[in-house]
Amino acid sequence: MSAQQQPGLTAGQVERITGGQPLGPVPDGQRKFRLALPGDADGGSLVVAWERAALGEAAGRGAGLVVATVELLGAEPAVPAVAVADARRAFALLSRELVPDRRPPPGVAPSADVHTSARLGADVRVGPAAAIGADCVIGDACSIGAGAVIGAGTSIGAGSVIHPGAYVYPGVQLGRRVILHSGSVIGADGFGFVASPDGPLKIEHLGTVTLADDVEVGAGTTIDRGTLGATAVGARTKIDNLVQVGHNVTIGTDCLIAGQSAIGGSTVLGSRVTLAGNAAIADHVVIEDDAVIGALSGVNRRVPAGEFWFGIPAEPRRDWVRRRYLQGRLGEIWDYVKGQRSK
Amino acid sequence: MSAQQQPGLTAGQVERITGGQPLGPVPDGQRKFRLALPGDADGGSLVVAWERAALGEAAGRGAGLVVATVELLGAEPAVPAVAVADARRAFALLSRELVPDRRPPPGVAPSADVHTSARLGADVRVGPAAAIGADCVIGDACSIGAGAVIGAGTSIGAGSVIHPGAYVYPGVQLGRRVILHSGSVIGADGFGFVASPDGPLKIEHLGTVTLADDVEVGAGTTIDRGTLGATAVGARTKIDNLVQVGHNVTIGTDCLIAGQSAIGGSTVLGSRVTLAGNAAIADHVVIEDDAVIGALSGVNRRVPAGEFWFGIPAEPRRDWVRRRYLQGRLGEIWDYVKGQRSK
Amino acid sequence: MSAQQQPGLTAGQVERITGGQPLGPVPDGQRKFRLALPGDADGGSLVVAWERAALGEAAGRGAGLVVATVELLGAEPAVPAVAVADARRAFALLSRELVPDRRPPPGVAPSADVHTSARLGADVRVGPAAAIGADCVIGDACSIGAGAVIGAGTSIGAGSVIHPGAYVYPGVQLGRRVILHSGSVIGADGFGFVASPDGPLKIEHLGTVTLADDVEVGAGTTIDRGTLGATAVGARTKIDNLVQVGHNVTIGTDCLIAGQSAIGGSTVLGSRVTLAGNAAIADHVVIEDDAVIGALSGVNRRVPAGEFWFGIPAEPRRDWVRRRYLQGRLGEIWDYVKGQRSK
């Protein structure tokens with residue numbers, strides 16, 4: 001049903017968007033093909049394949065148009081094709097052409113509450129029951145979804161999309177084309193308390209959060225404000241759902257932080273760092289550029305640039321593999337020791 | 001206090017609801033008993049017990065009426081009783097009679113924003129500041145809580161309860177009697193990016209989410225939409241709080257997914273699968289019918305039907321038990337090796 | 001930028017707030033210093049230091065005023081100083097003086113929906129699009145943020161701050177000075193189902209949640225209501241972001257529960273318990289007073305008072321350390337066994 005709502009693309013459009021070359025049978029130039037999964041394909045479908053099995057399935061189902069590398073397609077594909085250098089990239093480019101506009105309607109909904117001192121740029125959309133506080137500056141072409149709350153004194157760069165029910169505390173700075181998904185919370189207090197005879201004494205957080213241009217924050221993800229100074233996320237870094245980012249964390253550019261990961265207070269991630277799902281980094285740790293942390297790992301010390309660490313506590317993956325190998329020998333070892341002792 | 005707000009039930013009502021038989025002393029047929037914990041019981045209390053200790057405590061405190069199996073009650077219980085075949089089931093049935101109505105008042109709150117093109121069935125309730133987008137179809141007797149946001153083009157089956165502050169992105173399909181708890185987010189973009197010289201290139205998600213009849217989604221849980229096609233949850237599957245379900249996941253019927261679990265993109269769960277708390281399943285994995293994954297486990301390969309797997313990475317529980325046993329022998333092994341080497 | 005918005009404090013104010021004594025050069029008594037990180041310090045900055053390196057950095061950058069212990073400062077510090085007994089405590093006290101007011105403006109926003117039967121104390125602030133249900137009792141000087149939803153019959157003690165988009169289900173009791181951060185959900189149903197031939201049969205939750213005075217709940221954290229009776233959190237307990245607290249959990253006073261932790265149903269935590277990040281406690285477990293559970297640990301049995309447990313499954317830290325030591329000997333052990341066998 002969703003696929004049927006797609007406007008679809010002609011072969012010529014696919015060639016232009018992907019920069020690819022036509023190959024195989026010539027399709028009807030007027031026909032629009034809808035992007036589909038290989039297993040759902042029919043004559044009206046456009047399938048992008050980066051594995052031989054997917055291409056075979058699409059061709060077998062008579063897909064109207066396929067996009068793949070020439071290595072996969074061969075010189076004479078059985079179905080109309082567009083040959084590209086990188087099929088995944090082609091898929092991303094095509095998806096961007098086809099995605100429906102999910103923003104609220106143009107203008108400010110009557111039930112939204114925009115403070116009189118807030119400054120809205122051109123073509124800003126504000127959904128029902130959204131709230132924008134005093135002294136906010138919202139850039140051109142931003143979209144503030146229904147029920148989203150933008151705290152006083154926050155600035156949001158042009159082209160950002162704040163989905164319904166995202167919460168931005170006062171005094172936060174978001175760059176251009178930032179995306180906040182529903183339920184994300186930017187700028188809540190960090191978890192800082194001092195033991196005292198009267199119980200935990202709260203450290204108030206005077207700092208802020210800065211998200212640079214093109215940062216995306218997943219649903220339900222929480223990024224705490226700095227105690228002093230900022231919790232800072234670098235340009236183009238993408239954060240998945242239900243991730244916790246502690247106060248005064250610094251994250252570089254182009255990182256990928258997968259779902260349910262956690263980054264402890266004052267920790268520093270370099271650029272192009274990848275955290276797989278459920279990775280957890282302790283407080284005050286440094287993860288250097290291009291490091292990769294495996295799923296479900298827990299890091300409590302510095303990870304050098306470019307290394308792949310794994311486990312709890314995390315260690316270089318080769319060490320973890322060695323550890324697993326040795327554990328797998330434990331049965332033999334125990335049999336040997338028992339045998340010797342019984343002699 | 002909460003218990004005092006209960007209307008309570010007469011012994012006759014309890015018999016009818018549970019299908020049980022009276023046993024022991026005969027209670028006042030007019031008196032209404034309030035469902036209570038064994039430790040809080042008094043003469044006005046109804047206690048359901050599935051353990052001997054709980055029954056003893058209830059009787060010792062003079063509970064007005066107890067519900068248990070005849071095995072636990074014996075032939076002549078000291079307090080008025082209703083004998084049932086399954087006490088837990090009886091408890092569930094009684095709880096459903098007694099639960100207060102927590103929906104918003106009838107009708108559409110004046111501060112709600114229902115798009116003129118949305119179609120609402122009979123007896124739909126919409127709470128304050130809720131938003132229902134264009135072309136939505138909301139079935140009879142649905143409840144949309146305060147501040148909930150239903151994106152354009154979404155359909156919700158009859159009898160569903162969307163709690164306050166649940167967020168449904170555009171174009172999602174929910175079945176009948178679906179429950180979404182507060183803070184749940186259905187249909188946000190999956191985490192899909194393609195590496196490029198300009199940083200991660202976003203793959204737009206053209207697919208949807210489908211939740212079948214009687215699915216329940218816990219507070220703060222996020223279910224991402226498919227890249228193409230749907231992320232699909234089967235009938236009667238129950239998902240706890242703060243769970244992450246990735247794009248294009250398929251979950252069968254009657255599954256139980258406990259809190260903070262995570263299911264990676266394109267993974268398939270069969271029917272009647274149980275994930276204990278904090279279980280994590282990698283991308284592109286299959287968990288077959290009736291499998292059980294233990295708490296805090298991380299699954300990275302196919303789990304056969306009916307098996308109980310455990311650990312990180314997960315393995316059949318018997319293998320994990322053997323591994324733990326051998327690890328427990330390590331002290332002895334090390335002592336032996338040290339002893340031999342020092343000879 | 002955020003620091004520049006601080007009003008700042010004079011040296012005299014710093015002495016009065018911290019109870020400290022002036023030491024070193026005498027600062028301009030009229031000048032106001034802004035609290036800053038050591039690395040951001042200049043002549044207008046107030047730096048609190050609890051490590052020698054931080055003090056050195058602040059002094060090197062010519063901080064206008066430093067706060068530290070006399071042990072760290074020495075008798076004749078190079079920069080104006082205030083000597084205190086506990087620098088972290090001094091920092092907390094100063095932060096509380098300087099934190100900006102992030103509440104909504106005074107009064108009830110026109111777009112808020114306060115049920116006519118709700119009783120609001122003096123000086124209650126209610127933000128835009130917030131909803132307060134029937135029969136709620138909101139104490140003096142409470143703040144209910146934009147888009148927050150307070151279910152019917154809930155009571156909130158004086159001085160509490162409910163941040164935007166926090167959700168409180170009906171019939172919950174919050175004490176005085178409770179803080180709920182955005183996206184937190186208090187009182188959703190616990191995860192309770194009974195297997196039946198027709199699929200999982202829902203157990204309705206008739207109980208409630210009680211949060212005692214001075215409890216703080218982090219962003220996105222979920223605390224389920226009791227099946228019967230209450231899920232109860234003791235006074236001054238602080239809970240971080242994205243934590244899951246199951247139904248009928250009892251938590252004592254002065255606990256610290258770090259981010260993404262999970263506490264299973266009916267589990268009991270004593271007082272002054274610490275859970276480090278991502279700790280998970282199974283159902284029906286008791287953690288006694290003053291116990292500490294390490295990060296990423298999974299507890300499935302009773303933890304005695306004051307002990308530090310670690311690992312999955314968790315064990316006393318000394319046992320875990322021994323286990324790790326022995327695992328580290330596995331290479332040697334294997335080499336020995338191989339050597340013997342090849343003889």
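In what follows, chains carry the letters A, B, and so on, assigned in the order in which the sequence lines appear, proteins first and then strands, with residues in each chain numbered from 1.
Heavy-atom distances place both the backbone and the side chain of A262(A) under 4.5 Å from chain C. Looking at E216(C), only its side chain comes within 4.5 Å of chain A, counting heavy atoms on both sides. Using a 4.5 Å cut-off between heavy atoms, S184(A) does not touch chain C at all. For A129(C), the part lying near chain A is the side chain, with the backbone staying farther off; criterion is any non-hydrogen pair under 4.5 Å. Proximity to chain C (any heavy atom under 4.5 Å) is restricted, for S261(A), to the backbone atoms N, CA, C and O.
A donor atom on one side chain and an acceptor atom on the other are not found under 3.5 Å apart for H181(C) and Y167(A).
Ranked by heavy-atom pairs under 4.5 Å with chain C, the list H115(A), H205(A), Q260(A), Q244(A) is led by Q244(A). Put simply, of I239(C), N278(C), L242(C), the one with the most heavy-atom pairs under 4.5 Å next to chain A is L242(C). Heavy-atom pairs under 4.5 Å with chain C peak, among P200(A), A188(A), A131(A), at P200(A). Each of D240(C), L94(C), D86(C), L93(C) has some count of heavy-atom pairs under 4.5 Å with chain A, and the biggest count is that of D240(C). Counting heavy-atom pairs under 4.5 Å between each of G183(C), G147(C), A258(C), A146(C) and chain A puts A146(C) at the top. Each of D40(C), L256(C), I333(C) has some count of heavy-atom pairs under 4.5 Å with chain A, and the biggest count is that of L256(C). Counting heavy-atom pairs closer than 4.5 Å to chain A, the top residue among R89(C), K238(C), R236(C), R88(C) is K238(C). Chain A forms the most heavy-atom pairs under 4.5 Å with one residue out of S182(C), S111(C), G145(C), and that residue is S182(C).
Between Q340(A) and Q340(C), the closest side-chain pair of non-hydrogen atoms is not below 4.5 Å. Residues R96(C) and L201(A) form a side-chain contact, since some pair of their non-hydrogen atoms from C-beta on lies under 4.5 Å apart.
Atom CG in L296(C) sits 9.5 Å away from atom CG in L296(A) (nearest 0.5 Å). From L206(A), atom CG reaches atom CZ of R34(C) across 12.0 Å, with rounding to the nearest 0.5 Å. Remark: R324(A) CZ to L330(C) CG distance equals 12.0 Å, nearest 0.5 Å. Note that CD1 of I312(A) and CZ of F310(C) are 8.5 Å apart. Values are rounded to the nearest 0.5 Å. Separating the NZ atom in K338(C) from the CZ atom in R329(A) is a distance of 9.5 Å, to the nearest 0.5 Å. Rounded to the nearest 0.5 Å, atoms NZ (K202(A)) and CG (D214(C)) are 11.5 Å apart.
Remark: side-chain polar atoms of Q327(A) are not paired, donor with acceptor, to backbone N or O of Q327(C) under 3.5 angstrom.
Ring geometry for Y336(C) against Y336(A) counts as perpendicular: the plane angle is over 60°, on a 0 to 90° scale with 30° as the lower cut.
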key: Pair I203(A)-F91(C), side chain to side chain contact (heavy atoms under 4.5 Å, CB included): steps then yes or no   = CA-CA 7 Å; I203(A) 294 174; F91(C) 184 82; 3.5 Å; yes
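Within a 6.0 Å sphere centred on CZ of R176(C), other residues, nucleotides and ligands contribute 12 heavy atoms or fewer.
The pair R102(C)-D189(A) meets the salt-bridge criterion, since a charged nitrogen lies less than 4.0 angstrom from a carboxylate oxygen.
Counting all heavy atoms, side chain and backbone alike, L228(A) lies closest to A36(C) at CD1-C, 3.4 Å.
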